[in-house]
Amino acid sequence: MSRTDKPNPITWTLSGFGDEISPDPEVQIAVLQALGARHIEMRGAWDTNVVDLTDDQVDTFAATLNRWGMGVSAIASPIGKVNIVGDPEDELRRLARAITVAHRFGTRYIRMFSFYRPEGVSAADVRDPVLKQISALTRLAEREDVVLVHENEKDIYGDIPERVLDLIESVGSDALRMAWDSANFVQVGVAPFTDAYAMLRPHIEYLQVKDAIAATGEVVPAGEGDGQLLDTLTALRDDGYTGFASLEPHLALGHATGGFSGPELFGRAARALASLLDTIGVATA
């Protein structure tokens with residue numbers, strides 16, 4: 001008998017990046033449901049990013065979700081995944097659009113990033129403008145009752161644990177939290193559980209699931225790389241985490257604006273996560 005067969009197991013809510021499966025929302029949802037998910041992380045559809053979808057496309061996607069009985073765990077926006085020297089108003093406009101879509105889909109979570117910097121410019125040199133822009137974005141999130149979850153993407157300001165902590169604590173708002181990504185930490189030379197977990201646990205609101213090999217940066221299914229997934233998931237369980245676990249496999253393709261896996265590899269990633277969760281007695285719903 002599996003440990004998840006015990007009465008009242010700890011349960012996390014399974015989700016996944018639908019556009020990693022297919023550009024077609026029907027295929028995205030069908031695969032996720034076949035894997036046991038009842039939520040989707042919305043990054044794009046029809047080869048269009050979520051913040052660029054028209055109102056008609058958003059309505060069509062919402063109708064498809066309703067027909068399948070699916071919810072949205074988060075809007076996986078590209079906010080802050082641009083150079084810090086850009087026009088701040090552009091990101092505020094894009095966030096406003098992401099918020100409109102979030103309200104339409106009934107989710108409070110919007111993923112975002114903390115800006116690239118020009119070549120040859122240090123992180124210390126962009127700290128002040130980054131904090132200024134993130135603070136402005138967070139104030140908009142506060143007014144609209146949404147939560148920004150910052151992903152520790154490689155090469156942005158908040159790519160290493162110390163700068164993630166600096167960012168969240170300096171802004172100091174309940175509307176700015178963390179989306180934990182183990183693979184991204186591995187790709188910047190961080191041992192996620194050893195070097196980052198204790199420091200950042202008070203701020204972790206959302207879990208994105210992928211792993212990576214330190215020597216090459218290659219993204220692999222959960223538990224097959226150097227991301228210390230088993231240690232991290234066990235600690236989250238013991239700390240009482242009860243939120244989303246969102247699959248972002250990147251097993252076929254990864255690039256600056258996202259990634260792709262396809263249905264078969266996405267299923268492989270889901271099974272790898274399920275195996276780890278079964279080992280530690282966590283169920284998904």
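Heads up: numbering here begins at 1 and tracks the sequence. Bear in mind that the values here come from a model prediction, so they are computed numbers and not experimental data.
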Atom CD of residue position Glu264 - does it have more than 12 heavy atoms of other residues, nucleotides or ligands inside 6.0 Å? no

Requested in this report: Determine, for Glu91 against Arg94, whether the closest basic-nitrogen to carboxylate-oxygen distance falls under 4.0 angstrom.
Outcome: yes

Check whether Glu41 reaches the backbone of Ala76 with its side chain - one donor and one acceptor, N or O, closer than 3.5 Å. no

Original post:
Just wondering, are more than 12 heavy atoms of other shown residues or ligands nearer than 6.0 Å to CG in Asn66?
Top reply: yes

Q: Test salt bridge (charged side-chain N to carboxylate O under 4.0 Å, His left out) on Asp159 and Lys154 and set out the steps.
A: CA-CA 5 Å; Asp159 59 354; Lys154 64 181 179 180; over 6 Å; no

Query raised in the report: Thinking salt bridges, do Arg268 and Glu224 make one under a 4.0 Å N-O criterion?
Result: yes

Discussion item. Less than 3.5 Å apart, any donor N or O on the side chain of Gln28 or Asp19 sitting next to an acceptor on the other?
Written reply: no

Connected to Ile213, directly or through other members, by ILVMFWY side-chain contacts below 4.5 Å are Val220

Report task. Flag this pair as yes if the NZ/CZ of Arg43 is under 6.0 angstrom from the six-membered ring centre of Phe17 and inside a 45 degree cone about the axis; otherwise no. Result -> no

Sorted by chain and number, sequence neighbours left out, salt bridge (Lys or Arg N to Asp or Glu O under 4.0 Å) with Asp166 holds for Arg127

Please report whether the ring centroid of Tyr157 lies less than 6.0 Å from that of Phe113. no

Pair Lys210 + Asp181: basic N to acidic O under 4.0 Å: yes

Carboxylate-amine/guanidinium contact Arg97 Asp55, below 4.0 Å:
yes

